[in-house]
Amino acid sequence: MATPNALKSKLKKKSKYFGRFWPTTRAVTTILFFVFIGSTLWAGSSCYLDLGAFGIACPLGAAQVMAATGTFISALAIGSLISLLLIVAFGRAFCSWICPGRWIFNRGPKTRTKSWKYKAWVQRAIIGGVVGAAWLCHTPVFCVICPVGVACRGAIAAGTAGSLAPTVAWMGVLVGAEWASGLSWCRDLCPLGALFTRLSRLNPFIKVKKNPEICKPCNVCEKVCIEDLNLSSSVDFSSCTKCFECEAACPRGAVEIKLSQIEILRKG
Amino acid sequence: MTEKHSSRFTRRDFLQITGGLTSAGMLFLLLRPKWTFNSVHPPGALPEGAFEATCIRCGRCISACNQNAISLDEEGLPYIDGLSGWCDFSMDCIEVCPSGALLPLDPATAKIGTAIIDRDRCIAWQYPACRLCYEKCLDIQQAIWLDDDLSPHVDEVLCTGCAACTNICPKSALVGQNKKNGKAISIIG
């Protein structure tokens, strides 16, 4: 059996290795996604991914369009159902792995302030507000400014020699709104993030957990987490975007990534 | 993290003001009424209000179009103005539209708009010098004809609004504030 010191240095080495690994992997995934869209080899974007007979549709976009038109659109409804299942399966992983906003937002001077009180209700209000606005204005209003939608359209514009000015402008407006409000876009404002968080209450896979034998609460995990989650003290991890910054930052290597929370049988 | 209750103009204040002004400026530039070149919606588009409501702004039609005819406006809505390419009615855009903002239609009878000639700008209306739009349309719809002075006219019945004439017009493709720039023929809905 290894001595405590040997175990500690072994774990530290492990955490250093992964520390380099996660941000690069995430950045590469995001870049590849947008290069793929911009290449126009495949007609698609994050708003709708084609899988043949059906596809994966953005649930918020689908809800807005159906509210704006007052009609039921089966392709969008089926696509939304599939994406809702994916969100339950993977939680908010979209936010850290695909959305470019993860790299653009959360850099404002005041984003370390605490987020909303009664966060769940504010998120439900944001989602309802977006769908309600679409119904009122007869147009999917949020789809126009949605950061991942704007980025997809920018990638397509780049791939078809169109103008990138609307992309830059809308991103600037969103960053401006984030800074003016003093909040974090991803944590507090984004309606997509709000929807994903509400559904992630049911998420059973890919959870980060602290190893209580190794963890001596130093709160570094909270300092690096864009969602202000603390592996020692937080209870609700539905807003976790699976970025694994906590795993990379932990100096003792006390963070474990559990692929499944489903416990089948406990021996003894 | 201690709060600094200072009346000094801090870096934070500077960044906030700059950021606020920049985004306000960008919002203004984006949303102000601008002079735009005539354009039409892609084939199969729902009528005006329904199209804005149904389009999910996914951009798939732009990706699907082999002719690069469709472009996106600031709002994310697709349009064809002929500057980047012209519509060959291949129906690829209709096929990929997920929300039904573009509905299938018969390519033989499809019409997305009508060409209109700006006689002040058209070279052939000043001198008997240019026949590019007429010759381009000979291969497509034969909807442009030249009169005795060799000035072009559009037959509104035959024209399908494909924008091939706009694409080939040798006048500048740049659209500016004063109407001195821009093509001499465009498509209206």
Side-chain angles (χ1 to χ4, degrees), chain A residues 37-48 50 55 57-58 61-62 64-71 73 75-76 79 108-110 112 134 137-140 143-144 146 149-150 152-153 155-157 159-163 165-166 168-180 182, chain B residues 1 3 10-31 46 48-79 83-85 92-93 95-101 175:
Chain A
I37 292 182
S39 70
T40 71
L41 290 170
W42 162 67
S45 73
S46 64
C47 315
Y48 192 86
D50 196 31
C58 169
Q64 287 178 78
V65 164
M66 289 196 268
T69 55
T71 59
I73 301 169
L76 290 180
K110 277 199 198 157
R112 300 311 299 167
C137 305
H138 291 291
T139 188
C143 290
V144 177
C146 172
V150 162
C152 284
R153 295 199 290 269
I156 292 173
T160 56
S163 170
V168 174
W170 283 124
M171 284 300 192
V173 166
L174 291 173
V175 172
E178 186 192 39
W179 284 36
Chain B
M1 262 183 282
E3 283 292 314
T10 63
R11 212 180 303 169
R12 186 174 291 184
D13 296 323
F14 172 77
L15 286 170
Q16 279 188 313
I17 291 177
T18 320
L21 283 174
T22 315
S23 24
M26 280 178 158
L27 199 59
F28 169 71
L29 286 172
L30 207 67
L31 297 176
L46 291 172
E48 211 44 48
F51 187 70
E52 276 78 39
T54 318
C55 177
I56 201 174
R57 277 76 164 166
C58 65
R60 298 189 79 210
C61 46
I62 291 91
S63 296
C65 180
N66 289 321
Q67 303 300 322
N68 199 18
I70 311 179
S71 312
L72 281 174
D73 68 8
E74 306 97 16
E75 246 193 88
L77 288 169
Y79 67 90
L83 298 181
S84 56
D92 290 333
C93 51
E95 242 179 77
V96 297
C97 179
S99 63
V175 173

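Order of the sequence lines sets the chain letters (A, B, ...), proteins ahead of strands, with each chain counted from 1.
Under the rule for a ring-ring contact (aromatic ring centres under 6.0 Å, His included), the partners of B/Phe51 that lie at least two apart in sequence or sit in another chain are B/His41. Under the side-chain hydrogen bond (donor to acceptor under 3.5 Å, both in side chains) criterion, A/Arg153 pairs with no residue at all, not counting sequence neighbours.
Counting all heavy atoms, side chain and backbone alike, B/Ser99 lies closest to B/Ile56 at OG-N, 4.1 Å.
Put simply, of A/Thr71, A/Ile37, A/Ile73, A/Thr160, the one with the most heavy-atom pairs under 4.5 Å next to chain B is A/Thr160. Interface check for chain B: of the options A/Ala57, A/Ala75, A/Gly61, the most heavy-atom pairs under 4.5 Å are formed by A/Gly61. Among B/Gly76, B/Gly85, B/Ala64, the residue with the largest count of heavy-atom pairs under 4.5 Å with chain A is B/Gly76. Per-residue heavy-atom pair counts under 4.5 Å with chain B were compared for A/Pro140, A/Ala68, A/Cys143, A/Ala165, and the maximum is reached by A/Pro140. The choice from B/Asp92, B/Asp73, B/Val96, B/Thr54 that makes the most heavy-atom pairs within less than 4.5 Å of chain A is B/Thr54.
Between atom CG of residue B/Leu46 and atom SG of residue B/Cys97 there is a gap of 8.0 Å, rounded to the nearest 0.5 Å. Note that CZ of B/Arg57 is 15.0 Å distant from SG of A/Cys152, once rounded to the nearest 0.5 Å. For the atom pair B/Glu75 CD and A/Thr139 OG1, the distance stands at 5.5 Å (nearest 0.5 Å).
The closest side-chain heavy-atom distance from B/Cys58 to A/Ser45 is below 4.5 Å. The shortest side-chain heavy-atom distance between A/His138 and B/Glu52 does not fall under the 4.5 Å cut-off.
There is no contact between A/Val150 and chain B, counting heavy-atom distances below 4.5 Å. Only the backbone of B/Cys55 comes within less than 4.5 Å of a heavy atom in chain A; its side chain stays farther off. With a 4.5 angstrom heavy-atom cutoff, A/Ala62 touches chain B only via backbone atoms. Using a 4.5 Å cut-off between heavy atoms, B/Ser84 makes no contact with chain A at all. Using a 4.5 Å cut-off between heavy atoms, B/Leu72 contacts chain A through its side chain alone, with no backbone atom that close. Proximity to chain A (any heavy atom under 4.5 Å) is shown, for B/Ser71, by neither the backbone nor the side chain.
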